[in-house]
Colleague: 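My structure is below; once you've seen it, I'll send some questions.
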Amino acid sequence: MNHCGPLQVFQRAAVGPFAHLNLSRNPFGELTRETRGELAVVSEFQFAGWLERLNSGDRFALQFIGPSGHGKTTHLLALRCHLARAEYLYLPEDGPQPRVPDARPLLLDEAQRLSKWRRWRLMHGRGPLVLGTHADLSPALRRYGWEIETVMVTTLDSAERTLEILNRRIEAARAGPGDVPCLELSQAIRLQQRFGGDLRSIEQFLYLQFQQLAWEQATWPLVI
Amino acid sequence: MEYRYPFKLATATWPPTYYGTYLSVSHYVHVRASLPWKFDTKGSAEYLVVATQAPDDLTPTTKKNEAGIATKIILGTLGLVIGIPLLFLMSFLIPIVLIIGGLYWFFRVFLPGRITGKVECELASLQLKPGQQVTGSLVFTPKKSSQINGIIWKLMAEEVCSSGSGSNRTTHRYQLVNKVEKLMEARQLVAGQRVELPIDVMLPANAPPSLKFTDNELTWSGELRIDIPGWPDFVKSFKLVVAPSNSSVSLGDSTSSREFDDFEDDEDDEEDLTEEARGDTATAVANEAMTGVSDEGDVAQEILAFDEVAEQIQATQDDPDKLMLIVEAVQGLDFNVRADLQGRMYQPPAGVSADGGQWSLARHRSTGLDMCLLWPQGTDSPRGTAFDWEGTITVLGYDTEHDRVIARVK
């Protein structure tokens, strides 16, 4: 329980183009990796299970599979927030691949891009590993004696979860006490009908919608 | 029980607050109450920063840029070691590169040159300020008599922002300004007859400054085009740098330290600002104070008239009856003012109807008096902050709740 009341920095007037929505910025702008991890919406039950296994299993690999924009990276970043010694590594599509660190647990994003040699070394090494990948790496991992849990991120798509993710983003941009815009389930369903489970596309769409709200002085609710 | 802790902080001098479509720059004060054995309580508030001078290269310090010389030497050496053998191996590419380069030269330089002859086109300065004239000259002597559709100057400003990385990397572009001006109408060029054309076009008064960050930038550019019908045009592009406007400013008026002056004693404002934050601005202010001369003498006379009103309003802020007498006396009168526009207001001031234009929050330059300015529909209203805006206002009333003058821009 927090014994301190709300802490405010007093201003003469709220500033910025989103002040009329009680927001300090566009809620769907680019976030730092740290903030993305903090705002991730994950099932607490599942999450606790993953953390337990990652903290105990040396040859354990948790892989998140799915197409772009469905939350693989966000899951990795959320796990990083709870794994004190974990290191996150993103493998770029082009250019030289960065050195794979020795730290464990290792959170490896776009793991399908590992070169054969690096993959071989990784699988001969120790764990635990958390992999974000477009291709299923479990057959190879199993061959080298790894225990694997695979999470298909597309199965996590639901309108309720999408709604929670989007409203959490809006809440994180809150400027001060009072109401902030809030999306409704019907809007989340319409967004899913339009973009499927591609959260990145939904967020890009909402970014432009909020920009429009700011520049045109339009008021909430958003027409989707 | 409520506790209040007054504080003062020096602001950064760069970058200024900017609200764009893909690119926004905001400055915040974040506070945290550190509670032993409990979750810390946090709060934050945004404040506006109006810059008075841009860094020389418009490149804020980043890790990438700091790496500078060492990285360049390593990359240069690698380039030589790998590049030269690669050049031999890929020698079949050289003719293709030469052909592409040759075609570019042929269509962009040689063919227009057959009509226009050698074109000399220069701008007096590539570093500009909002509202400043872009000056230069265009001189050429046509080789052939021919018709042109005109000579066109195009001014462009664009936000270029990249997000994601690798295959997910996306570049977003938003054009802020795309202003086309015809410097010369369609006419017949006569072979051997020299054409001299002065370039004299104005940058918008509310032009946002050029910004450059690691993945995001706001760029300004100009393009001069001799439009030749049925023939490749002569085109010359200029990369422009727009610096923040007028540097003759009081730092206290323009920066965030004022945003929190509910807690402040104005007399010691200057003492509490660090040397770093003062920067060149302080020098500019000192120079103006010592000479006592303003660049725009006549304008200053008119501003004094509103200065007196503003001073009277400030002096009577604790005496509502006197204050309202002054406001009633000046209601409906026009004044020339200079103010810093601090951003759009999305709600009109209390007691004012919501329709009929766009509202901006402004601060009177010489007194620091806050104002709510209404830009009627159809006027060229600013999109965000603007520094040292000058114009005529009609006083409409006074917002007693927030101590600010309500006025309409003419």
Side-chain angles (χ1 to χ4, degrees), chain A residues 1-26 28-31 33 67-69 72-73 90-97 109-110 112-113 134 173-177 200-201 203-204 207-208 210-219, chain B residues 1-4 7 17 19-24 26 28-33 35 38-48 161-170 172 174 215-216 256 258-263 342-347 354 358-359 361 370 372 383-385 402-404:
Chain A
M1 186 71 186
N2 206 329
H3 289 252
C4 186
L7 196 59
Q8 287 179 31
V9 189
F10 290 96
Q11 283 178 289
R12 279 197 162 176
V15 294
F18 297 95
H20 69 304
L21 299 170
N22 193 22
L23 298 175
S24 58
R25 55 180 166 78
N26 189 322
F28 296 99
E30 193 79 353
L31 298 175
R33 280 180 178 161
S68 299
K72 296 185 298 297
T73 304
Y90 174 86
L91 295 175
E93 188 177 36
D94 23 61
Q97 285 200 351
D109 205 354
E110 302 288 354
Q112 80 284 353
R113 291 179 186 159
H134 290 272
R174 169 189 287 280
R200 193 175 299 144
S201 297
E203 287 171 358
Q204 280 174 8
Y207 178 87
L208 293 174
F210 269 82
Q211 274 313 120
Q212 214 158 343
L213 283 180
W215 293 129
E216 292 177 2
Q217 305 177 50
T219 51
Chain B
M1 182 154 174
E2 185 182 80
Y3 293 90
R4 286 187 172 228
F7 63 88
T17 297
Y19 301 119
T21 297
Y22 287 121
L23 173 62
S24 289
S26 296
Y28 296 91
V29 169
H30 292 288
V31 289
R32 178 195 289 264
L35 307 172
K38 294 183 186 72
F39 287 116
D40 291 349
T41 304
K42 299 174 201 169
S44 65
E46 186 181 358
Y47 58 91
L48 300 172
C161 300
S162 299
S163 63
S165 50
S167 58
N168 298 326
R169 192 168 178 84
T170 319
H172 308 273
Y174 181 79
D215 290 320
N216 309 306
S256 62
R258 281 272 171 179
E259 289 297 314
F260 305 100
D261 62 5
D262 285 339
F263 303 126
Q342 299 186 318
R344 283 168 77 165
M345 293 170 64
Y346 291 90
Q347 303 288 344
Q358 180 196 304
W359 288 91
L361 199 62
D370 285 335
C372 301
R383 279 192 68 178
T385 56
H402 298 98
D403 291 334
R404 52 199 187 186

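Residue numbers begin at 1 in each chain, while the letters A, B, ... track the order of the sequences. The shown structure was predicted, so the numbers you read here are calculated from the model rather than taken from an experiment. Basis for what follows: all heavy atoms, side chains included, without hydrogens, waters or symmetry-related copies.
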Colleague: What residues, two or more places apart in sequence or in another chain, satisfy ring-ring contact (aromatic ring centres under 6.0 Å, His included) together with A/F18?
Modeller: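 If we apply the ring-ring contact (aromatic ring centres under 6.0 Å, His included) test to A/F18, skipping adjacent residues, there are no hits.
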Colleague: Counting only heavy atoms closer than 4.5 Å, note whether B/Y22 contacts chain A via side chain, backbone, both or neither.
Modeller: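 Both backbone and side chain.
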Colleague: State whether the side chain of B/Y19 and the backbone N or O of A/A214 hold a donor-acceptor pair below 3.5 Å, judged by distance alone.
Modeller: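 Not a single qualifying donor-acceptor pair exists.
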Colleague: I need the B/S26 OG to A/N26 CG distance, nearest 0.5 Å.
Modeller: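 One gets 11.0 Å once the value is rounded to the nearest 0.5 Å.
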Colleague: With rounding to the nearest 0.5 Å, note down the distance linking OG1 in B/T170 to CZ in A/R200.
Modeller: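 Interatomic distance, B/T170 OG1 to A/R200 CZ, rounded to 0.5 Å: 7.5 Å.
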Colleague: To the nearest 0.5 Å, what is the distance between OG (B/S163) and CD (A/Q204)?
Modeller: 6.0 Å
Colleague: Can you tell me which portion of A/L208 sits under 4.5 Å from chain B's heavy atoms? Options are side chain, backbone, both or neither.
Modeller: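 For A/L208, the contact with chain B is made by the side chain alone.
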Colleague: Residues in side-chain contact (heavy atoms from CB on, under 4.5 Å) with A/Q112, at least two apart?
Modeller: A/E110, A/T133, A/H134, A/A135
Colleague: Say whether, by atom type as modelled, one donor and one acceptor occur between the side chain of A/Q211 and the main chain of B/G20 under 3.5 angstrom.
Modeller: yes
Colleague: Look up atom CD in A/E30 and atom OG in B/S24, then write down how far apart they are to the nearest 0.5 Å.
Modeller: 13.0 Å
